[in-house]
K.L.:
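After the structure tokens below, expect a handful of questions from me.
Every chain is numbered from 1, with letters handed out A, B, ... down the list of sequences.
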Amino acid sequence: MVRLQESFIFVDLEAQDSDEVIAALAGSLFEAGSVAEGYGKAAIERERIHATGLPTRPFPIAFPHADSEGVHQSALAVAIHKTPVVFRNMADPDEELAVELVIMLANKSPEEQIETLRSLAELFGDPDKLSELRYLKREAKIVEWLKRELAL
Amino acid sequence: MAKTVIVSCGTAIATSTVAAKAIEEACKAAGIDVVTKQCKAAEIKNFVDGADLIVTTSQVRFDPGIPVINGLAFLTGIGKDKVIEEIIATLKG
């Protein structure tokens, strides 16, 4: 079971850098009790060592996450940026990507979440779906859309 | 004998799980007996012995002595079929 609710969705988020985005997303998960307080910090540190930016089409995305330690309950949080925020490319950390959409993953058990992970990978690989999600604009719609597309 | 593929990503929690599953399925369809081992990028060294191939989404900063294929396509969907072909060709080779 992967938790997803309106308080985990940030539409038109204004953030200076990837740290701010990750902190906002992790903060919403912490407030709902899904992760421990240190999860955001762990994800920010992890992002520095192993970037999670992906050169997807039609725009780059990122999916920050940390170890399952500190995750009480698997959850997804989403940020759609007002203006793109720089994340580094997972495959080439020297490359900066102007990321428009961030999906944070709090994963309690990778094996149990395999279907959700695969649905996410399918979504990342589908330019039409990413565009659709990008322009939904309302938290409730985004929750509903993701629950349907990811079969949550 | 089964081929061993090391599948690695940053934390071995998301990316490598998706990639490992896709590799297992593609190999099965191609009639290749395969075992995947998931690990963090930093742990690759400990798994190289006896392995045939590394599929990773991050960079390998040493010479592992076996082929390395970038597995980012399993997440972005871009060029995924080509990467699967490359994996199968390498394992058959």
K.L.:
Go through the atoms of B:Leu75 and report whether side chain, backbone, both or neither lie under 4.5 Å from a heavy atom of chain A.
P.N.:
both

K.L.:
Establish whether A:Leu105 and A:Leu146 are linked, either directly or via other cluster members, by ILVMFWY side-chain heavy-atom contacts under 4.5 Å.
P.N.:
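Linked, A:Leu105 and A:Leu146 end up in one cluster.
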
K.L.:
Is chain B contacted by the side chain of A:Pro127, its backbone, both, or neither, given a heavy-atom distance below 4.5 Å?
P.N.:
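Contact with chain B involves no heavy atom of A:Pro127 at all.
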
K.L.:
Side-chain heavy atoms under 4.5 angstrom apart, residues restricted to Ile, Leu, Val, Met, Phe, Trp, Tyr: same cluster for A:Leu120 and A:Leu130?
P.N.:
yes

K.L.:
For A:Leu117, is it the side chain, the backbone, both or neither that has a heavy atom under 4.5 Å from a heavy atom of chain B?
P.N.:
both

K.L.:
Count I, L, V, M, F, W, Y as connected when their side-chain heavy atoms are under 4.5 Å apart, and connections chain through other members. Are A:Ile61 and A:Val143 then in the same cluster?
P.N.:
yes

K.L.:
Indicate if B:Val60 and B:Leu72 have the same hydrophobic cluster label, given that clusters are the connected sets of ILVMFWY residues with side-chain heavy-atom separations under 4.5 angstrom.
P.N.:
no

K.L.:
Please tabulate, one pair per line, the N or O donor-acceptor pairs under 3.5 Å between chain B and chain A.
P.N.:
residue : atom : partner  : partner atom : Å
B:Thr11 : OG1  : A:Arg46  : NH2          : 3.2
B:Glu25 : OE1  : A:Arg118 : NH2          : 2.9
B:Glu25 : OE2  : A:Arg118 : NH1          : 3.1
B:Glu25 : OE2  : A:Arg118 : NH2          : 3.4

K.L.:
Among the clusters formed by ILVMFWY side chains lying less than 4.5 Å apart, do A:Leu4 and A:Leu123 turn up in the same one?
P.N.:
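They do share one cluster, since a chain of ILVMFWY contacts under 4.5 Å joins A:Leu4 to A:Leu123.
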
K.L.:
Answer with side chain, backbone, both or neither: which region of A:Ala51 has an atom nearer than 4.5 Å to a non-hydrogen atom of chain B?
P.N.:
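It is neither, since no heavy atom gets under 4.5 Å.
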
